[in-house]
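See below for the structure under consideration.
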Amino acid sequence: MPEELIISISGMRGILGQNLTASIAADYGCAFGSYLLTRNPDKKRLCVCIGRDSRPSGQTLLSAVAAGLLSTGIDCIDIGIISTPGVSVMLRRLNCAGGVVITASHNPVQYNGIKLLLDNGIAPPPQSAEQIKKVFVEKKFSFASSVDCGRLSENKDAVNVHIEKVLANVDAGKIASKKYKVVLDSVNGAGAAEGKLLLLKLGCRTTAINDEPTGLFAHKPEPIAENLTGLCKRVLEEKADVGFALDPDADRLAVVDQTGRYIGEEYTLALAAKYILMKTKGPVATNLSTSRMIDDIAGDALVKVIRTPVGEANVANAMLENNCVIGGEGNGGVIDLRVCPVRNSMVAMAFILRYMAETGKTISELSSGIPSYFMIKDKIRMDTGDFKKIISKVRQFIADAKINNDDGCRLDFDDGWLHLRKSNTEPIVRIIIEAANRELAEKYLNVVRKAGEGFIVQP
Ligand code: MG
């Protein structure tokens with residue numbers, strides 16, 4: 001059976017030629033345009049910038065979404081192949097009413113997606129996302145007359161503008177004096193040009209691998225350990241100080257230490273936060289599924305951690321509301337509001353290099369200076385209607401837990417925590433568990449599995 005097109009808060013994702021076609025993308029452009037017009041009481045001429053990752057299907061979708069937007073009378077600026085944070089930066093630089101990113105992030109090449117951003121550079125809040133979806137489903141579009149259709153133009157400045165903005169917030173001279181040797185794996189995604197320019201400006205000696213933005217991914221594109229064996233090997237061969245891996249839209253960063261060891265995406269935010277809190281004290285925001293390392297780091301700095309539901313828009317909005325100095329998600333996503341309110345691998349690379357330069361320590365020394373935990377991510381197939389029953393069963397097994405119900409249920413206890421969330425698209429409950437060691441984490445996983453017995457459904 002063909003997969004269903006996924007439409008979520010941040011946009012849509014599907015397989016080109018199957019559930020995601022040019023006409024669907026054009027309709028989605030019409031829907032986004034129609035929505036933006038409702039936020040334009042002064043009837044000003046509006047503009048949207050559109051960037052894409054390097055997937056071969058990107059041009060098809062970009063042209064189709066642009067056609068939809070143009071038909072509602074909104075001008076479009078094609079900013080070409082660029083990271084997701086690059087679009088967030090550019091839409092504000094160009095005073096756009098919104099932005100569109102054509103990307104399916106870390107998903108395989110046959111997928112692509114359309115991600116929407118509002119004029120503040122953040123994905124639409126849930127209510128607006130619902131409104132856009134309704135316009136799309138009902139096809140109630142606000143078309144412009146033939147003389148008022150939008151105009152399409154190109155802008156090739158995005159790489160430079162984005163990297164200048166990152167550099168404005170980090171002391172490049174201090175990093176450059178160290179002449180770090182870096183291996184950068186861009187997985188033939190969108191981040192190669194920005195990544196290489198940033199590292200050049202930071203005075204690094206860079207070996208760039210998989211840096212052709214063809215979208216033909218050199219390995220599975222999610223920056224997790226099993227997909228980065230090539231990078232780990234290359235770091236050792238080159239005797240590099242650090243290895244960096246980007247996902248195809250370069251919002252996530254994974255780090256490999258100088259011994260060729262993948263240190264885990266959870267460390268990306270932890271290391272960046274350690275550096276920022278060394279410089280500036282202030283609250284930190286992250287989602288409920290992110291490691292407790294961030295609480296330890298914030299605790300040492302005597303600042304508070306704001307936990308939000310999963311989703312970068314939730315983190316970004318919490319950062320804005322609480323004046324956070326840094327935020328992000330445990331999947332290698334670091335947000336610095338001074339650059340843009342979305343996860344940004346360029347910011348993460350700059351902060352980690354700055355942390356190394358400032359302390360004179362290696363990546364392995366810096367990561368081993370952070371208390372470590374063992375994390376398990378798992379899922380159970382079950383009727384999500386039974387979610388509350390599972391939660392109450394788990395709670396019977398774990399007494400004295402601190403409960404947070406903002407996004408599914410997170411239970412915090414002395415030697416760990418667990419977070420259970422139901423999927424919006426599949427009959428699945430996602431399980432994230434973190435504890436002091438593997439044995440304990442597995443013990444808690446068994447508790448959840450036991451609680452889920454009787455609710456499991458067969459695929
Ligand atoms: Mg991504």
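Each ligand, and each atom within it, is numbered from 1 in the order the structure gives.
As for Asp249, its N/O/S atom nearest the Mg ion (ligand 1) is the one called OD1.
Side-chain atoms of Asp241 and Gln258 include no donor-acceptor pair closer than 3.5 Å. With hydrogens and angles left out, the side-chain atoms of Asp257 and Thr362 include no donor and acceptor closer than 3.5 Å. Asp211 and Ser186 are not linked by any side-chain donor-acceptor pair at a separation below 3.5 angstrom, with hydrogens and angles left out of the test. A donor and an acceptor atom, one from each side chain of His106 and Asp249, are nowhere located under 3.5 Å apart.
With the Mg ion (ligand 1) at the apex, Asp247 OD2 and Asp251 OD1 define an angle of roughly 90° (rounded to 10 degrees).
Residue side and main chain included, Ser105 places an N/O/S atom under 2.8 Å of the Mg ion (ligand 1).
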